Amino acid sequence: MEKKREVVSEALKAEEKLKSVWLILTPEGELHPIEEFSFNGYERLKKFADYEIKKSRAVDQEPPHIALMRSLELVDHEPASDPGNMRYYPKGRLVKSLLEEYVSNMVHEYGGMEVETPIMYDLEHPTLANYLNRFPARQYTVESDEDRYFLRFAACFGGFLMSHDATISYRNLPMRLYELTRYSFRREQAGELAGLRRLRAFTMPDVHAFCRDLKQAKKEFKRRFKLCRDALKGIGLEEEDYELGLRVTEEFYKKNKAFIHSIVRTFGKPALVEMWRERFFYFILKYEFNFVDALDKASALSTDQIDVENGERYGIVYMDDTGRLKHPLILHCSPSGAIERVIYALLETAYMDMKKNIAPKLPLWLSPTQIRLIPVSDSFEGEALKILRQIERRRIRVDLDDRGETVQKKIRDAEKEWVPYIIVYGEKEVAAERLPVRVRGEEKIRYMSLKELISEVKNNVKGKPFKPLPLPLRLQQRPRFVG
RNA sequence: GCCCCGGUAGCUCAGUGGUCGGAGCGGCAGCCUUGUAAGUUGUUGGUCGCGGGUUCAAAUCCCGCCCGGGGCUCCA
């Protein structure tokens with residue numbers, strides 16, 4: 001059968017010719033050519049810069065998160081689909097959906113209006129075709145009778161088309177439109193796919209802010225910068241876990257130095273700057289928070305950009321206070337980056353801890369099982385269940401290892417599952433006021449009252465979404481999805 | 001997409017042309033009633049990734065394809 005030509009955008013072809021200069025911008029506002037900057041104390045930034053510029057990736061290992069995503073029964077490849085399309089087991093679906101809800105909640109607080117739009121669009125649509133050619137990505141195409149469609153690579157299409165049809169006043173700006181895309185599709189080259197790091201189908205929180213002018217855009221940009229940092233922090237990724245990359249045109253930098261410097265000052269660490277002599281993409285300024293993994297590879301999480309083209313391209317207009325129609329500037333932001341990539345970053349971080357002899361774990365609010373009860377023998381199951389019900393009522397994910405295994409085996413399995421709190425329940429506990437709690441990462445058993453335990457957990461997960469246990473309460477009743 | 005490596009039981013892997021293809025873990029069935037990282041016995045389990053070819057004979061050699069990983073490229 002004849003192979004159809006793939007849809008490759010003009011931007012992708014033209015990108016090869018793109019020339020840029022690499023610099024380091026410090027929080028003090030000093031701009032250094034990269035070769036003159038001393039990276040002492042900024043090892044991760046160096047790794048990020050090397051990754052971006054030298055493209056040095058002398059690694060021949062599989063990324064550690066791949067084994068973890070499977071052994072923890074979170075995510076797996078689906079061989080019957082296209083590469084880069086994953087299956088999520090119950091625990092993985094739980095983790096993912098908690099992250100989705102968390103980021104969405106933050107966007108709602110920020111003022112985002114959540115919408116939902118189609119995942120596929122007419123390849124012949126003039127505006128869309130035009131945009132495709134400004135965006136360096138490969139698309140999936142879908143045939144339906146005589147028509148050809150492409151699968152969206154981001155929420156932009158639906159959001160922009162919707163905004164085109166909306167009646168917008170300058171009073172409505174900045175207008176914040178949010179969609180959690182499940183999925184965004186990018187037909188990455190086969191050799192580029194890697195675990196949860198680079199996929200062909202991924203979940204992207206995408207919030208656009210339509211702004212009146214550059215002044216408003218800059219103000220909004222700063223708000224969102226904070227939103228991004230807060231999102232990652234809440235997820236469990238601290239400032240030291242990622243590096244700031246800025247991409248900017250020379251002209252925009254020169255005219256907006258104070259603004260750009262203030263962003264890096266807020267960030268508090270030197271940033272890698274890629275400066276383009278001419279505007280090449282549809283944006284004039286963009287940043288990403290780049291996570292550096294266990295194999296020194298960098299990938300973008302949170303990102304935001306100032307788009308100066310698509311307001312016009314999509315015919316999006318607002319009525320100005322002078323009664324004139326104008327095109328807004330559009331900010332494109334993903335506060336966390338792709339959800340799959342967040343999971344990748346969490347797993348890689350856990351692996352790096354493991355290498356430092358720190359017990360690897362997920363943040364408590366994301367742990368599929370938060371507390372596990374292990375009855376010493378089946379005669380204590382009834383009493384253990386009473387405790388369990390009390391914990392469960394407080395909206396904490398608790399389960400019961402009722403398998404006919406030894407206590408030691410059950411503890412070992414719970415540790416392998418990264419269960420944060422493990423309680424062995426037997427003769428001594430029936431009458432006791434305090435429970436022996438094996439806390440992950442601590443050497444000694446901690447004796448706590450049920451009340452203390454519950455309040456410690458509740459305190460730790462405060463402000464985070466909750467979902468119930470994604471599997472049967474009793475381990476005996478659970479199927480095994482991997483191994 | 002190109003180059004390199006890999007694909008053998010649900011999982012991790014051993015087996016490189018010649019008896020019926022193996023181990024550990026898991027699953028299942030017993031026994032053990034367990035006190036903080038693997039109790040014990042038995043048993044189940046495989047189109048050797050898929051298709052074609054070479055050969056008296058293929059998991060093993062050759063070709064094509066699929067899937068995974070790495071490199072190149074790419075990462076909005």
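We name chains A, B, ... by the order of the sequence lines, and we start the count at 1 in each one. All of these numbers come straight from a predicted model, not from anything done at the bench.
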If the [atom1] atom of [N] is compared with that of [M], how far apart are they to the nearest Å?
| N | M | atom1 | answer |
| --- | --- | --- | --- |
| B/A58 | B/G53 | C1' | 11 Å |
| B/G71 | B/G27 | P | 36 Å |
| B/U44 | B/C25 | C1' | 14 Å |
| B/C2 | B/G26 | P | 42 Å |
| B/G21 | B/G15 | C1' | 8 Å |
| B/C48 | B/C20 | C1' | 15 Å |
| B/U47 | B/U43 | C1' | 24 Å |
| B/C65 | B/A57 | P | 27 Å |

[X] near the nucleic acid: base, sugar-phosphate alone, or nothing, with a heavy-atom cut-off under 4.0 Å?
| X | answer |
| --- | --- |
| A/Arg70 | sugar-phosphate |
| A/Pro63 | sugar-phosphate |
| A/Gly191 | base |
| A/Ile374 | nothing |
| A/Val376 | base |
| A/Lys428 | base |

From [atom1] of [X] over to [atom2] of [N], roughly how many Å is that when rounded to an integer?
| X | N | atom1 | atom2 | answer |
| --- | --- | --- | --- | --- |
| A/His77 | B/G6 | NE2 | P | 18 Å |
| A/Glu405 | B/A37 | CD | C1' | 13 Å |
| A/Gln476 | B/G26 | CD | P | 14 Å |
| A/Glu62 | B/G6 | CD | C1' | 11 Å |
| A/Asp378 | B/U34 | CG | C1' | 10 Å |
| A/Arg403 | B/A38 | CZ | C1' | 11 Å |
| A/Gln61 | B/G71 | CD | P | 10 Å |
| A/Leu475 | B/G26 | CG | P | 14 Å |

Item to complete: Under 4.0 Å from any atom of RNA chain B, heavy atoms only: list the residues of residues 415-427 of chain A that qualify, in numerical order.
Response: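 Here the set is A/Glu415, A/Val424, A/Gly426, A/Glu427.
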
Does a side-chain N-to-carboxylate-O contact under 4.0 Å join [X] and [Y]?
| X | Y | value |
| --- | --- | --- |
| A/Arg44 | A/Glu243 | no |
| A/Glu100 | A/Lys96 | yes |
| A/Arg152 | A/Glu179 | yes |
| A/Glu288 | A/Lys286 | yes |
| A/Glu309 | A/Arg279 | yes |
| A/Arg474 | A/Glu381 | yes |
| A/Arg200 | A/Glu188 | no |

Is it the case that [N] (base atoms only) and [X] (side chain only) share a donor and an acceptor within less than 3.5 Å, ignoring hydrogens and angles?
| X | N | answer |
| --- | --- | --- |
| A/Arg480 | B/C11 | no |
| A/Glu429 | B/G35 | yes |
| A/Gln408 | B/U36 | no |

[N] pairs with which nucleotide, Watson-Crick or G-U wobble, both distances below 3.5 Å?
| N | value |
| --- | --- |
| B/G51 | B/C63 |
| B/G1 | B/C72 |
| B/G24 | B/C11 |

Worksheet item: Once the angle between the rings of A/Tyr183 and A/Phe185 is folded into 0 to 90°, is it parallel (under 30°), tilted (30 to 60°) or perpendicular (over 60°)?
Response: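 Perpendicular, since the angle between the ring planes exceeds 60°.
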
Practice prompt. Using modelled atom types only, decide if a donor and an acceptor are shared between the side chain of A/Glu340 and the backbone of A/Leu199 within a distance under 3.5 Å.
Written response: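 No, the answer is negative, given that no donor and acceptor are paired below the 3.5 Å cut-off.
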
Worksheet item: Hey, does the side chain of A/Lys409 come within less than 4.0 Å of B/C32's phosphate (OP1/OP2), counting only N and O?
Response: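 No, because none of the side-chain N or O atoms of A/Lys409 sits under 4.0 Å from OP1 or OP2 of B/C32.
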
Worksheet item: Just to confirm, is there a sub-4.0 Å distance from OP1 or OP2 of B/G39 to any side-chain nitrogen or oxygen of A/Thr406?
Response: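 Affirmative; the distance criterion is met.
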
Fill in: Upstream residue (5' side of RNA chain B) when A/Pro436 and A/Ala190 are each assigned their closest nucleotide
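The 5'-side residue here is A/Ala190.
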
Item to complete: Please figure out whether A/Ala154 or A/Ser379 has its closest RNA chain B nucleotide nearer the 5' end.
Response: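 Final value for this comparison: A/Ser379.
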
[X] side chain, from C-beta outward: closest of [options]:
| X | options | answer |
| --- | --- | --- |
| A/Ile445 | B/A38, B/U36, B/G1 | B/U36 |
| A/Lys297 | B/G39, B/G70, B/C67 | B/G70 |
| A/Arg438 | B/G71, B/U36, B/G26 | B/U36 |
| A/Val407 | B/U34, B/U73, B/G70 | B/U34 |

Discussion item. For the CG atom of A/Asn310 and the CZ atom of A/Phe283, what is their distance to the nearest 0.5 Å?
Written reply: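 Atom-to-atom, A/Asn310:CG and A/Phe283:CZ are 11.5 Å apart.
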
